[in-house]
Amino acid sequence: MATEDTSSTHAIARLRLRVEAIRAWVERRLVFRVWERMLEIEFVDRSVALAGKAFVSFFPLVIVVASFAPPRIRTSIFTSLTSRLGVRGDALATAKEAFTSADDIRKATGILGLVLTFFFATSFTTAIQRVYLRAWRRPHGAKAGAYTRGPIWLLVVLANMALLGGLRGLLGDGAGFGLFAVISLTATSALWWFTAWYLLMGDVRPRVLIPSGVITGVALAAFAVSAAVWMPGVVTRNEEQFGFFGVALSLVTWFSGAAICMLVGACAGPVFAEDGGPVGSFIRGRDDTLLTDGAPPPLPAPTRDLRLRDAFQPTEEGT
């Protein structure tokens with residue numbers, strides 16, 4: 001009996017050692033470190049905030065700005081937006097009505113309303129900036145021109161949507177669509193590389209931000225492709241159950257998924273760049289530093305182990 005108890009004790013001890021070894025191996029992987037960084041920035045809470053602000057500020061801005069744009073640019077923005085959302089059928093017709101009623105929107109908005117809508121939409125930009133600052137552990141001190149970066153970034157995004165939408169209509173289907181997919185992926189990755197560099201106030205070297213832009217661009221492209229499959233069904237079911245409000249719920253669902261893609265790219269960037277192995281060495285290049293000259297030092301890492309519950313609400317260390 002004593003022999004059996006001793007054998008069981010040894011077996012349990014060996015199992016614990018094996019589990020600890022596996023856990024130590026997993027914790028050294030880049031994927032796990034990205035997960036830890038996402039917990040650090042409270043990714044669930046951040047994704048909900050981003051989705052809500054995108055729906056109530058950024059999305060209306062796109063409609064209002066498009067109404068003041070020439071018809072060709074308005075059509076390009078509409079094409080780019082609906083293709084990424086995966087909107088079809090009745091929901092597509094509803095969305096098209098919002099863009100084709102440009103005269104009514106212009107009369108109801110006016111130039112002053114356009115300006116106010118534009119600056120109201122900067123709350124979305126501010127939320128994105130906080131994500132990058134938290135992911136890279138950057139201080140929140142203001143710099144010269146910090147308050148103009150939001151509107152300028154919005155203009156860049158709208159220009160990107162207009163150009164890609166126009167190119168989509170120009171290239172058509174077949175081989176043209178394949179070419180458009182490559183150009184779109186490149187342009188989207190470049191946009192999010194610029195976003196990271198611009199909203200981090202130029203404190204981080206542009207080279208080390210390339211993985212963040214590429215990962216975000218690829219994740220959003222894959223999400224857009226998947227949305228073409230599941231989004232029409234979600235819109236149809238929600239519209240049948242809740243009417244036009246159901247379409248709004250569907251859009252919030254899409255924005256929530258897109259926000260997660262953005263957060264993954266934002267958190268993967270610093271983790272890959274800080275890696276002490278070959279991945280980090282390749283990303284940093286000959287210069288082993290991450291920050292530009294004169295940039296303030298990064299904030300310290302969390303002093304406690306993070307748990308899944310930290311993803312759902314801001315911690316005392318968060319902002």
Note to self: Would a single hydrophobic cluster contain both Phe55 and Val48, if residues Ile, Leu, Val, Met, Phe, Trp and Tyr are joined by side-chain heavy-atom contacts under 4.5 Å?
What the structure shows: no
When rounded to the nearest 0.5 Å, the distance separating CZ of Arg138 from CG of Leu299 is 7.5 Å
Given the rule in the side chain to side chain contact (heavy atoms under 4.5 Å, CB included) test, do Trp136 and Val208 qualify, once you have shown the distances and angles that lead to the verdict? CA-CA 11 Å; Trp136 283 86; Val208 302; 4.1 Å; yes
So SG of Cys267 and CZ of Arg134: to nearest 0.5 Å the spacing works out to 9.5 Å
dist Trp192:CH2 -> Ile128:CD1 (nearest 0.5 Å) comes out at 4.5 Å
message = Quick one, Arg149 with Thr125, criterion side chain to side chain contact (heavy atoms under 4.5 Å, CB included). Give me CA distance, side-chain angles, the key distance, then yes/no.
response = CA-CA 9 Å; Arg149 289 181 179 250; Thr125 309; over 6 Å; no
| query | Got Ile210 and Ile283 here, is their nearest side-chain heavy-atom distance under 4.5 Å? | reply | no
Using atom types as modelled and distance alone, determine if a side-chain donor or acceptor of Ser47 lies under 3.5 Å from a backbone N or O of Leu263.
no
Do the side chain of Arg130 and the main chain of Arg46 share a donor and acceptor less than 3.5 angstrom apart? no
Point to revise | Arg37 bridged to Glu40 by N-O distance under 4.0 Å | key: yes
Next on the checklist: Any heavy-atom pair between the side chains of Leu200 and Leu133 that's under 4.5 Å?
Outcome noted: yes
Smallest heavy-atom separation, Pro297 atom then Leu291 atom, equals CA-CD1, 4.4 Å
Of all heavy-atom pairs linking Phe223 and Ser226, the shortest is O-OG, 2.7 Å
Tightest non-hydrogen contact, residues Tyr132 and Ala266, listed as CE2-CB, 3.7 Å
On a heavy-atom basis, the closest approach of Arg205 and Asp287 is NH1-O, 2.9 Å
Interatomic distance, CG@Asp275 vs CG@Leu30, rounded to 0.5 Å, equals 4.5 Å
- request: Please confirm whether the backbone N or O of Pro270 pairs with a side-chain atom of Arg137, one donor and one acceptor, at under 3.5 Å?
  value: no
So CG of Leu199 and OG1 of Thr126: to nearest 0.5 Å the spacing works out to 9.0 Å
Near-ring test Trp35/Phe43, centroid separation under 6.0 angstrom
yes
message = Please check: side-chain N/O of Ser189 versus main-chain N/O of Thr186, any donor-acceptor pairing under 3.5 Å?
response = no
From the list Leu163, Leu167, Thr188, side-chain contact (heavy atoms from CB on, under 4.5 Å) partner of Ile183 resolves to Leu167
Here the pair of heavy atoms bringing Arg284 nearest to Ala273 is NH1-O, 2.6 Å
Heavy-atom closest pair (Asp203 atom, Ala295 atom, distance to 0.1 Å) is O-CB, 3.7 Å
| For the residue pair Trp197 and Trp193, does the interplanar ring angle fall in the parallel (under 30°), tilted (30 to 60°) or perpendicular (over 60°) class? | parallel
Query raised in the report: Taking atom types as modelled, is there a side-chain donor on Trp153 or Thr195 under 3.5 Å from an acceptor on the other?
Result: yes
